[in-house]
Visitor: 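Before I ask anything, here is the structure I am working with.
When a ligand or atom number is given, it counts from 1 through the structure's own listing order.
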Amino acid sequence: MFNPAFSSAAMFARKNIMPVTNPDKPGNSIHHPAAKAARIFCDSATRSDIEPLLRAGLINGITTNPTLLKKAGAKSWANAKEIMKDLCALLQPYPVSLELTELTEDKMVEQAQELAVLGTNSVIKVPAGGYPAVVPGGDPFTGFKVVRKLWESGVRTNVTLVFNTTQAFWAANAGATYISPFLGRVPDYINKNDNPAKAAGNSLYSIGDKGFVAGDSVANSEYVAAGGEIKDAGARLIFEIATVFANYQITTEILAASIRNPVQLTECMLAGADILTVPAPVLQTVANHPLSDEGMRGFLEDSKAFSG
Ligand code: E4P
């Protein structure tokens with residue numbers, strides 16, 4: 001697991017220019033102790049997942065995507081827009097990421113304007129790459145071009161499907177408000193495609209061993225597993241982006257995504273993520289621990305000695 005000692009002076013300096021998570025309350029003499037804490041978003045488009053977490057003051061935003069909208073029951077574009085609009089109203093003033101489904105520059109910009117008016121808190125989610133994979137002859141830089149245009153017209157963006165530091169850096173240069181590295185999908189990929197028992201440094205995923213093979217875009221993300229234990233692979237991606245953003249004092253927020261378990265949640269914070277978007281079932285487990293349960297039972301039992 002990441003060691004907090006990896007944090008650099010530049011990382012701490014960047015925190016000073018980042019937004020306040022928990023502002024002080026006028027008239028309260030106690031300064032909020034976690035003014036610059038990481039924020040937690042819920043990765044869901046389902047109202048019943050989100051509402052209890054919002055009411056409990058545990059989340060500061062949500063992220064949606066086409067898969068999550070399908071899960072929430074969207075049956076048509078009009079229906080999906082109704083769900084997105086309802087979520088924007090529910091979350092106000094916290095940000096709600098709404099993903100584009102169009103695939104070409106002009107249509108994406110047009111659709112972004114359509115989604116941007118669903119709420120003043122909407123953020124347009126733009127995939128970093130993957131265009132040639134889904135559009136014959138597609139322009140690989142479509143996403144970055146769209147982000148720049150949206151930045152120019154004052155629309156906030158969240159660049160999604162980020163799997164390497166260069167994608168994150170380009171997104172920031174294009175004007176992205178947030179970038180979403182999918183840290184959970186990195187170990188998913190490694191576990192599916194590699195022998196997890198192999199030492200990570202000797203892994204197929206070490207760019208140092210393999211070198212650059214023209215046209216092999218997987219090589220871009222391979223280095224994230226090298227030189228660290230496989231379980232750190234995704235967190236290493238966050239750490240590298242956080243270090244680069246700190247080196248250049250970039251204020252695009254690092255929104256760690258595709259979190260699978262509470263351990264990854266901790267790793268993201270050690271690695272320097274600004275925001276973590278977490279599925280509701282994972283958030284529901286983090287307040288529990290078997291030793292908390294055991295401790296509570298003991299305190300309850302002992303309190304009976306003086307509660308009569
Ligand atoms: C991020 O914004 C995405 O919605 C999300 O975290 C994707 O996660 P998955 O890998 O569980 O689909």
Visitor: Taking only residues at least two apart or on different chains, which pairs with a member in residues 269-290 satisfy side chain to side chain donor-acceptor pair (under 3.5 Å)?
Guide: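 Qualifying pairs, neighbours excluded: R14-D274, K15-D274, T63-T277.
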Visitor: What is the closest protein heavy atom to atom 7 (C) of ligand 1, and at what distance does it sit?
Guide: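 The answer is F182 CE2, 3.5 Å.
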Visitor: Would I179 and I254 satisfy side-chain contact (heavy atoms from CB on, under 4.5 Å), going step by step from the backbone distance to the final call?
Guide: CA-CA 5 Å; I179 50 107; I254 304 163; 4.2 Å; yes
Visitor: Is there a polar contact, in the sense of an N or O pair closer than 3.5 Å, between K125 and ligand 1?
Guide: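 Yes, at least one N or O pair falls under 3.5 Å.
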Visitor: In terms of atom number and element, which parts of ligand 1 are under 4.0 angstrom from non-hydrogen atoms of R185?
Guide: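 Here the atoms of ligand 1 in question are 9 (P), 10 (O), 12 (O).
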Visitor: Give a yes/no on ligand 1: does N65 have at least one heavy atom closer than 4.0 angstrom to it?
Guide: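 The answer is yes: ligand 1 sits under 4.0 Å from a heavy atom of N65.
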Visitor: Answer yes if the side chains of Q111 and W77 hold a donor-acceptor pair under 3.5 Å, and no otherwise.
Guide: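 Side-chain D/A pair, Q111 to W77: absent.
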Visitor: In ligand 1, which numbered atoms sit nearer than 4.0 Å to a non-hydrogen atom of A257?
Guide: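 With A257 as reference, the close atoms of ligand 1 come out as 1 (C), 6 (O).
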Visitor: Could you check whether E51 pairs with R55 (Lys NZ or Arg NE/NH1/NH2 to Asp/Glu carboxylate O, under 4.0 Å)?
Guide: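 Judged by the 4.0 Å cut-off on N to carboxylate O distance, E51 and R55 do form a salt bridge.
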Visitor: Honestly curious: do L54 and L276 fall in one hydrophobic cluster under the side-chain, below-4.5 Å linking rule?
Guide: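 Yes, same cluster.
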Visitor: I'd like to check whether S258 has a polar contact with ligand 1, where a contact means an N/O of the residue lying under 3.5 Å from an N/O of the ligand.
Guide: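 Yes; the residue has a nitrogen or oxygen that sits under 3.5 Å from a nitrogen or oxygen of the ligand.
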Visitor: Just checking, is any N or O donor in the side chain of D24 or H32 under 3.5 Å from an acceptor N or O on the other one?
Guide: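 Note: D24 and H32 side chains miss the donor-acceptor criterion.
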Visitor: Taking the non-hydrogen atoms of R260, is any one of them nearer than 4.0 angstrom to ligand 1?
Guide: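 Contact present.
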Visitor: Of the listed options (T63, L255, D43), which comes nearest to atom 3 (C) of ligand 1 when hydrogens are ignored and any heavy atom counts?
Guide: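 Looking at heavy atoms only, the winner is D43.
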